[in-house]
S.K.: 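Below you will find the structure I want to go over with you.
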Amino acid sequence: MAAIAFGCSSFALLRPKQNNAAPEPLLCAQNFSLLRLKQSLTSCASPAWWRSIGVPRASVEVVDDGLIEREENERVRVLRVGVICGGPSAERGISLNSARSVLDHIQGGDIHVNCYYIDADLNAFAISPAQVYSNTPADFDFKLASLAQGFESSSDFAEHLAASVDVVFPVIHGKFGEDGGIQELLEKNKIPFVGTGSSECCQAFDKYNASLELSRQGFITVPSCLIQGSEADESELSKWFARNQLDPKSGKVVVKPTRAGSSIGVTVAYGLADSLSKANAVITEGIDSRVLVEIFLEGGSEFTAIVLDVGSGLDCHPVVLLPSEVELQFHGSVDVTEKDAIFNYRRKYLPTQQVAYHTPPRFPIDVIESIREGASRLFQKLGLRDFARIDGWFLPQSIHVTSSSDSKFGRTEMGTILFTDINLISGMEQTSFLFQQASKVGFSHSNILRSIIRHACVRYPNLASFGSVSDYAPRRSKASLLNEAVHNCKGTRKVFVIFGGDSSERQVSLISGTNVWLNLQAFDDLEVIPCLLAPTTGESSNEVDVSSRTVWSLPYSLVLRHTTEEVLDACTEAIEPDRVALTSQLRNRVVQNLMEGLKKHSWFTGFDITDEPPVKLTVGQWIKLAKEAQATVFLAVHGGIGEDGTLQSLLEAEGIPHTGPGVMASKICMDKLATSLALNHLSDLGVLTINKDLRRKEDLLSTPIGNVWHDLISKLQCETICVKPARDGCSTGVARLCCVEDLSVYVKALEDCVLRIPPNSLSKAHGTIEMPNPPPELLIFEPFINTDNIIVSRNENGHQILWSGQSRWVEITVGVIGKQGSMRSLSPSITVRESGDILSLEEKFQGGTGINLTPPPSSIISNEALQRCKRRIEIIANTLELEGFSRIDAFVNVDSGEVLIIEVNTVPGMTPSTVLIHQALAEEPPMYPHQFFRTLLDLALERSI
C-alpha cells in the first residue's frame with residue numbers, strides 16, 4: 001500500500017474497489033418542511049420512499065444541469081456539499097455525530113449533501129445517510145464492502161469529489177481532519193472546502209508549535225516542556241520542573257499529546273516520575289510521539305469561544321461569539337485526584353453533573369471582551385478561515401504566570417487570559433459549543449451551518465453564484481413559549497415535548513427531548529414547544545405533589561445544554577435582572593460586530609432565533625395550557641413519573657393525547673418484577689422470564705453481607721448474579737456480582753450514595769457504573785445470563801465479526817411500534833459490549849460509543865430464527881398492551897428464536913444515535929428520524945383515551 005504525504009504526516013489512502021454500484025440514495029431532509037423536501041434531489045430516492053413521506057414524486061423534477069424545478073417552474077441551482085467524517089483518531093465516533101448533525105440541519109432546499117467516510121486506515125468511501133445515523137463507525141465498518149462505494153486511491157477519491165460535489169465540509173476531528181491532511185488532498189486537486197488551509201491547520205493543530213507561534217505573536221502562553229522520541233528525557237524534564245519551581249515529587253502538571261486533539265490522552269500528573277510515566281504511556285500506546293507537559297493552572301477557570309469569519313472575499317473579519325465558561329463540579333466526597341480532574345473526553349461528550357457551562361462566562365465584562373478581542377486576533381494571526389473554536393483559561397489576579405515579556409497580550413487588571421487549544425473543526429453535536437453560542441446571538445443550527453458554508457463559497461470564483469443570493473430563507477424558530485402558543489399560530493398543531501425529571505436517566509432524557517424537538521421542527525404544520533420537568537430540590541420527589549412540580553417552557557438557546565441541572569440554572573439566570581442585563585449588553589455587541597460583515601453578503605437573510613425568557617409553570621398549569629391549546633404531549637421523561645404512569649394518568653384525565661403506552665402498561669413495565677409476572681405464562685409460546693429476588697435497600701444494609709450472598713445464590717441457584725434497581729431506568733445501577741466481596745462493594749456504594757462505581761472495582765473487569773441518585777429503595781437480583789462475546793475486529797482483510805456461538809444466546813434490543821393490540825416489531829439489534837459484562841451508560845446513549853449490529857448478521861442468527869424472534873417480541877408487546885412505541889431488551893436463542901425477557905422501556909431513549917433510529921432506517925423503505933418521530937406523534941392522536 002503506497003503512502004501519500006499530507007503536510008504534517010504521511011498517510012495511506014487506498015481501498016480496493018468493491019464494485020461499480022452507486023451508493024445508497026443520498027437523501028435526508030430532517031429539518032425542513034415537506035415543501036422543501038419536494039425540492040430535494042428526487043432522482044436519488046425511490047417512488048416508495050417519496051410515498052412513505054407523503055410527497056408525490058411526480059410533483060417535482062430534477063434537471064440534469066443541477067437545477068431543481070419546483071411546481072412554479074422556478075429553477076434554483078443546488079449547492080452540492082460533500083460531508084467527510086471518520087478518520088483515524090479516537091474521536092472518529094464524535095466525527096460521525098458531527099456529520100449527522102450537519103446532515104440534519106443543512107440538507108434540503110438549495111443544498112444537497114453527499115456523505116463520505118474515512119476509516120481508521122484512511123480508506124475512503126461514499127456512504128449513505130443511513131450509515132451516518134449509526135451509533136459508532138464500528139456499527140458499519142464491517143459492512144462497507146457491500147454497502148458503500150470504495151475508492152482505489154486518493155486520486156480516485158479526489159476525482160470523484162471534483163465531479164460530485166461543489167464544496168467539501170470536512171468534519172473529521174483530530175488527525176487527518178485538523179492537522180492539514182484532508183485539506184492538502186483537497187488543495188492539490190483544487191477542490192473547494194470549508195475551513196482553514198492545510199499549512200495553517202498543521203501549525204495550529206500541533207499544541208507545541210501553536211504555543212511557540214502564539215508567544216511570537218505576543219500572547220502569554222502556559223509554561224511547557226516538550227517530550228519526544230521513543231522515551232521521555234528525564235534530565236530535561238527535571239530541569240524544567242526546577243525552572244518552574246515545581247516539587248519533583250508532587251508538582252502538579254498536565255500531560256497531553258501535541259497532535260491528538262483537545263481531549264484524547266490528556267491527564268493530570270503529580271511529580272516528575274508520574275509525569276514521565278504518563279508521557280511514556282502516550283508515546284508507547286501510539287497516541288502521539290510528541291508529548292507536552294504543562295503547568296497545572298491552579299485556581300483558573302476554563303473557557304471556550306467560537307470564532308466566525310464574516311469577511312468578504314479574502315478579507316478576514318473574525319467575530320467571537322459569546323464565550324462559554326467550563327465549570328467542573330464535584331458532588332459528595334471525592335479524592336484529590338478527582339478534584340484535580342480536567343475537562344477530558346468523558347466530561348466533554350457524556351451528559352454528567354461533573355461539568356456545567358455558562359454562556360456568557362461569569363467573568364467581569366472587561367475580561368469577556370478581552371477574551372473576544374484576543375481570540376479574534378489569534379484567528380487572524382494564525383491565518384484561520386471560516387470558523388474555529390479556541391479554548392483557554394482565565395486566571396484571577398492573585399495567580400501569577402511567568403512570562404518572558406510583560407507586554408504580552410492577556411494581562412488585564414482582573415487577571416490573566418491564556419489561550420491553550422485551537423480546534424480547527426469544532427464538534428458539531430446538537431448541543432455543542434458551536435450551536436450553544438450561535439443560538440445566543442440569533443442563529444439556529446441550520447442558519448449558522450449554512451452561513452459557514454456560504455462564507456466558504458465566497459473564496460472560490462466558480463462558486464461565486466452560491467456565495468451571492470441564497471434561495472434559503474431561515475424560518476423563524478417555532479420554539480415559542482406556551483402562553484403564546486395557546487393563542488398564536490392558528491392552523492398549526494401544538495406539540496409539547498417534555499423531558500427532564502428526577503430519575504437517574506434525566507440527562508439522557510434531555511438529549512432525547514432535544515432531538516425530538518429539533519426533528520419535529522421539520523414540519524410547518526407543527527408548533528413544537530420544548531419543556532423541562534424540573535428536578536425536585538431538597539425534598540424527595542415522592543414527597544412532592546406532582547401537580548405542584550415545576551415545568552419550564554424553554555426558548556431555543558436554553559434547550560442546548562448537557563444536563564437538566566444546567567438548563568434549570570440557565571432558566572434562573574435568564575430571569576435574574578443583572579445577568580439578563582449583562583447577557584443583553586454582550587449579545588448586542590456581538591450582533592453589531594457580526595452585522596458589520598454579514599450586511600455585505602447577499603446570501604445572509606437574517607437571524608432566526610429571538611431572545612425570549614423562559615416561562616415557569618406548575619405541572620397543573622402546564623396541563624391546563626396543553627388542554628386549551630389542544631396540544632399533543634410528546635413524552636421524553638425517562639423513568640420516574642414519566643414512565644410509571646403518573647404523567648400519563650394526569651394527561652389522560654384531561655383528555656390530552658400523549659405518545660407511548662397508557663397508564664396501566666406504563667406502571668407494569670416500570671416495575672421489572674411486575675413485568676416478569678405479567679409474562680410468565682407465555683413460556684409455551686417461546687417467551688421466557690428470568691427468576692428474580694426482590695430486596696429492600698435497608699435490609700441489605702442491616703443484614704450481614706455473607707448471609708445475603710449465600711441466601712441469594714441458594715434461591716437463584718446460580719454463582720453469578722446481576723443486580724439492578726427494581727423501578728429505575730435501564731442503564732444505571734446495573735452490575736455483575738461474582739462473589740460476596742462484589743456484593744459488599746455494591747452495598748457500600750448504596751450506603752454512601754456514590755454517583756458512580758469506578759472501573760474495575762468489582763472482581764470482573766467492567767467500566768464505570770453510573771449509580772441512581774438517590775439510591776433505589778428496592779433492588780432486583782437475578783441470575784447473570786452468560787452470552788458469548790461478539791467482537792468486531794480489524795485485520796489486513798478488513799473488518800469482521802468474531803463470535804464463538806457456544807452458549808447460543810445473544811442480547812438484543814428491539815423497538816415496537818403501532819396501535820394497541822397490533823404492535824409491530826422493528827428489526828432487532830444485537831448489542832455488543834466494548835468493556836465488561838453490562839452495557840454502560842455511554843454504550844447505550846452516548847453517540848460515538850457502543851456497537852449495535854442492525855439488522856443482526858446472518859452469520860449469528862438465521863432469518864428464520866429472527867422472524868420467530870420478532871413474532872415473540874410482538875406477543876410480548878401485545879400481552880403488555882403497549883401502544884405507540886416502546887423498546888424491549890431481551891436475550892434470544894439464535895437457533896430457536898426463543899426470547900428471554902430482560903425489561904421493557906415505555907419511554908425509550910430517543911437520542912440522535914439511539915438504536916431505534918437504526919432500526920427505523922432498516923425498514924423498507926427507510927424511515928428517517930424526522931418521519932419516525934412524526935409517525936410516533938401521529939400514533940398518539942389515534943389512541944383511545
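Worth saying up front: this structure is predicted, and the values here are computed from it rather than measured. Every heavy atom of this structure was used, including side-chain atoms; hydrogens, water molecules and symmetry mates were not.
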S.K.: Would T258 and D288 count as a side-chain hydrogen bond (donor to acceptor under 3.5 Å, both in side chains) if you check the C-alpha gap in whole Å, the side-chain angles of each, and the deciding distance to 0.1 Å?
M.R.: CA-CA 7 Å; T258 65; D288 200 351; 3.1 Å; yes
S.K.: Could you please spell out the steps behind the side chain to side chain contact (heavy atoms under 4.5 Å, CB included) verdict for L434 and I448?
M.R.: CA-CA 9 Å; L434 173 65; I448 187 64; 4.2 Å; yes
S.K.: Between the side chain of S432 and the main-chain N/O of E429, is any donor-acceptor distance below 3.5 Å?
M.R.: yes
S.K.: Please determine if E369 and R589 form a salt bridge, counting it only when a charged side-chain N lies under 4.0 Å from a carboxylate O.
M.R.: yes
S.K.: Does K440 use its side chain to pair, donor to acceptor, with the backbone of R587 at less than 3.5 Å?
M.R.: no
S.K.: Between Q437 and I306, is there a donor-acceptor pair closer than 3.5 Å when you use the side chain of the first and the backbone of the second?
M.R.: yes
S.K.: Verify the ring-centre separation between F443 and F435: is it less than 6.0 angstrom?
M.R.: no
S.K.: For the pair D391 and T420, evaluate side-chain hydrogen bond (donor to acceptor under 3.5 Å, both in side chains) and give the outcome as yes or no after the intermediate values.
M.R.: CA-CA 6 Å; D391 303 339; T420 55; 6.0 Å; no
S.K.: Spell out, as yes or no, whether a donor-acceptor pair under 3.5 Å connects the side chain of Q380 to the backbone of H317.
M.R.: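 The answer is no, because no donor-acceptor pair under 3.5 Å joins these two groups.
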S.K.: Just by distance, do the side chain of R561 and the backbone of S557 share a donor-acceptor pair under 3.5 Å?
M.R.: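 A pair under 3.5 Å: yes.
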S.K.: Please check this pair: side chain of T610 against backbone of E612, looking for a donor-acceptor N/O pair closer than 3.5 Å.
M.R.: no
S.K.: Would K252 and Y270 count as a cation-pi pair here, with the cationic atom under 6.0 angstrom from the ring centre and within 45° of the axis?
M.R.: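 K252 over Y270 ring: no.
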S.K.: Between Q592 and E596, does any side-chain donor sit less than 3.5 Å from a side-chain acceptor?
M.R.: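 There is no such pair between these side chains.
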S.K.: For the residue pair N515 and T911, confirm or rule out a side-chain donor-acceptor distance under 3.5 Å.
M.R.: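 No, no side-chain donor-acceptor pair sits under 3.5 Å.
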S.K.: Kindly say whether H105 contributes a backbone atom to a donor-acceptor pair with the side chain of S446 at under 3.5 angstrom?
M.R.: yes
S.K.: Kindly give the heavy-atom pair with the smallest separation between G86 and S95, and that separation in Å.
M.R.: N-OG, 2.9 Å
S.K.: Which distance, rounded to the nearest 0.5 Å, do you find between the OG of S101 and the CG of L103?
M.R.: 9.5 Å
S.K.: Between CG of N423 and NE2 of H173, what distance do you get to the nearest 0.5 Å?
M.R.: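 Here the interatomic distance stands at 9.5 Å.
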S.K.: Give me the ring orientation class for F303 and F363: parallel if the planes are under 30° apart, tilted from 30 to 60°, perpendicular past 60°.
M.R.: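 Perpendicular: the ring planes of F303 and F363 meet at over 60°.
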S.K.: Are D179 and R259 within salt-bridge range, i.e. N to O under 4.0 Å?
M.R.: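 Salt bridge between D179 and R259, a charged N being under 4.0 Å from a carboxylate O: no.
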S.K.: For a quick check under 3.5 Å, do R100 and N97 share a side-chain donor-acceptor pair by atom type?
M.R.: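 Yes, N97 and R100 have a side-chain donor paired with an acceptor closer than 3.5 Å.
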S.K.: Roughly how far apart are I94 CD1 and C85 SG, rounded to 0.5 Å?
M.R.: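 Here the rounded value is 12.0 Å.
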S.K.: When rounded to the nearest 0.5 angstrom, what distance separates CD in Q436 from OG1 in T304?
M.R.: 10.0 Å
S.K.: Output yes when a side-chain donor or acceptor of S98 lies under 3.5 Å from a complementary backbone atom of M428, and no otherwise.
M.R.: yes
S.K.: Quick one: do K207 and E294 make a salt bridge, cutoff under 4.0 Å?
M.R.: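 A salt bridge is absent here (no side-chain N lies under 4.0 Å from a carboxylate O).
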S.K.: I need the R362 CZ to F394 CZ distance, nearest 0.5 Å.
M.R.: 12.5 Å
S.K.: One pair to check against side-chain hydrogen bond (donor to acceptor under 3.5 Å, both in side chains): E565 and Q507. What are the steps and the verdict?
M.R.: CA-CA 9 Å; E565 289 77 13; Q507 317 307 358; 2.8 Å; yes
S.K.: Between the side chain of D206 and the main-chain N/O of N209, is any donor-acceptor distance below 3.5 Å?
M.R.: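 Yes; judged by distance alone, with no hydrogens or angles, the pair exists.
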S.K.: Taking S289's backbone N and O only, do any of them form a donor-acceptor pair with Q228's side chain (distance below 3.5 Å, no angle check)?
M.R.: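 Such a contact is absent between Q228 side chain and S289 backbone.
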S.K.: Measure centre to centre between the rings of Y556 and H445, then say whether the value is under 6.0 Å.
M.R.: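 For Y556 and H445, the ring centres are under 6.0 Å apart.
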S.K.: Can the positive tip of R385 be found less than 6.0 Å from the middle of the six-membered ring of F379, inside 45° of the ring normal?
M.R.: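 No cation-pi geometry.
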S.K.: Quick one: pull up CZ in F169 and CD1 in I453 and give me the separation to the nearest 0.5 Å.
M.R.: 5.5 Å
S.K.: Compute whether any side-chain donor of one residue and acceptor of the other, for E327 and S301, lie under 3.5 angstrom apart.
M.R.: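 E327 vs S301: no donor-acceptor pair found between side chains.
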